[in-house]
There are 2 protein chains.
Amino acid sequence: MVKISELEQVKKCSGTYVLAVNDTLNVIHGKWKLPIIGSLHFGKKRFKELAREIPKITPRMLSKELKDLEVNGIVTRTVHGTIPVTVEYELTKSGESFNDVLDVMVKWGLQHRKNFMGKR
Amino acid sequence: MVKISELEQVKKCSGTYVLAVNDTLNVIHGKWKLPIIGSLHFGKKRFKELAREIPKITPRMLSKELKDLEVNGIVTRTVHGTIPVTVEYELTKSGESFNDVLDVMVKWGLQHRKNFMGKR
DNA sequence: TATACCGGTATACTTTAGTATAGTGATTAC
DNA sequence: GTAATCACTATACTAAAGTATACCGGTATA
């Protein structure tokens with residue numbers, strides 16, 4: 001668990017702060033990462049399943065983004081030695097907890113819409 | 001205030017959910033918006049002050065990003081009729097509350113680093 | 001008169017992100 | 001034998017984001 005006191009500490013140290021924000025931005029970055037994470041939030045999926053569920057994504061992008069997410073510890077890739085091979089992608093613990101970030105983003109987005117619309 | 005119950009409602013309606021996330025992504029989007037918001041969090045600033053405080057930003061980008069932030073209701077731009085004119089940029093209420101989002105991003109980033117480093 | 005500050009804009013360029021399209025080898029279904 | 005599925009990869013392209021450089025009119029300072 002990250003405690004409040006720790007957050008306060010970090011906010012005093014811009015280096016760590018910036019690192020932590022960047023880690024989070026990396027997950028968000030690009031057109032397809034959030035759709036992929038969203039889709040995987042309903043359970044593990046195979047490559048083609050993801051491709052079908054995410055409209056308009058090309059295999060090139062899906063492959064690239066999954067690799068990014070994998071090296072950054074957001075998803076795991078499991079190859080099953082079946083014939084033909086099946087490959088399953090699943091959210092890690094971090095990947096799942098990313099929902100907390102999304103929740104706050106939604107909350108802020110809603111509040112912002114209210115503030116903003118009120119002003120015109 | 002956005003209430004928990006409202007968040008639950010929204011999570012059932014993908015349309016609103018996606019809109020709200022997108023509103024938030026728009027604020028984050030691009031290389032310079034977070035530095036600008038961060039800088040303005042310490043108080044209102046003039047154009048050149050921002051340019052000096054944010055290393056390597058060009059006037060073109062600063063101008064463009066400030067416009068984006070303004071039309072999206074994150075900063076206000078105030079022209080004072082002094083001679084020569086001074087222009088001040090300041091965070092709106094929404095702009096200030098964006099810190100809540102950043103806090104959660106930092107928290108997640110820290111936790112993720114812990115999870116991730118533990119795994120190797 | 002020359003220089004610098006203010007708040008930018010204009011133009012051209014490079015770099016990065018994303019798209020389009022085709023193809024791989026192994027396997028199974030008709 | 002032909003076509004389709006699986007999980008991708010390769011190549012070439014377009015579009016978007018960001019950079020570099022120069023410049024604007026107005027004012028103040030030396």
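Each chain gets a letter, A, B and so on, in the order its sequence line appears, and its residues count up from 1. Predicted model only: the values in this text are computed from it and were never measured.
- With sequence neighbours excluded, the residues that form a side-chain contact (heavy atoms from CB on, under 4.5 Å) with B:Val87 are B:Arg77, B:Val79, B:Tyr89.
- One finds the CH2 atom of A:Trp32 at 12.0 Å from the NZ atom of A:Lys64 (value rounded to the nearest 0.5 Å).
- Qualifying salt bridge (charged side-chain N to carboxylate O under 4.0 Å, His left out) partners for A:Lys33, counting only residues two or more places apart in sequence or in other chains: A:Glu65, A:Asp68.
- For A:Asn26, there are no side-chain contact (heavy atoms from CB on, under 4.5 Å) partners, not counting sequence neighbours.
- Remark: P of D:dT5 and CD of A:Glu49 are 15 Å apart, rounded to the nearest angstrom.
- Listed by chain and number, the residues in a side chain to side chain donor-acceptor pair (under 3.5 Å) with B:Thr76 amount to none (sequence neighbours excluded).
- For B:Ser97, the side chain to side chain donor-acceptor pair (under 3.5 Å) partners two or more places apart in sequence, or in a different chain, are A:Trp108.
- Annotation: side chain to side chain donor-acceptor pair (under 3.5 Å) contacts of B:Glu53 (sequence neighbours excluded): B:Ser39, B:Lys45.
- For DNA chain C, the outermost nucleotides in 5' to 3' order that have an atom under 4.0 Å from a heavy atom of chain A are C:dA17 to C:dT28.
- A:His41 pairs by the side-chain contact (heavy atoms from CB on, under 4.5 Å) definition with A:Leu91, A:Asn99, not counting sequence neighbours.
- Under the side chain to side chain donor-acceptor pair (under 3.5 Å) criterion, A:Arg52 pairs with no residue at all, not counting sequence neighbours.
- Scanning residues 41-48 of chain B for heavy-atom distances under 4.0 Å to DNA chain C yields B:Arg46, B:Phe47, B:Lys48.
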Mind listing the N/O atom pairs, protein and nucleotides 17-21 of chain D, below 3.5 Å?
from: D:dG18; atom 1: OP1; to: B:Lys31; atom 2: N; distance (Å): 2.8
from: D:dT19; atom 1: OP1; to: B:Lys31; atom 2: NZ; distance (Å): 2.7
from: D:dT19; atom 1: OP2; to: B:Trp32; atom 2: NE1; distance (Å): 3.1
from: D:dT19; atom 1: O4; to: B:Arg60; atom 2: NE; distance (Å): 3.1
from: D:dT19; atom 1: O4; to: B:Arg60; atom 2: NH1; distance (Å): 3.3

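- Judged as a side-chain contact (heavy atoms from CB on, under 4.5 Å), and not counting sequence neighbours, the contacts of B:Asp23 are A:Arg113.
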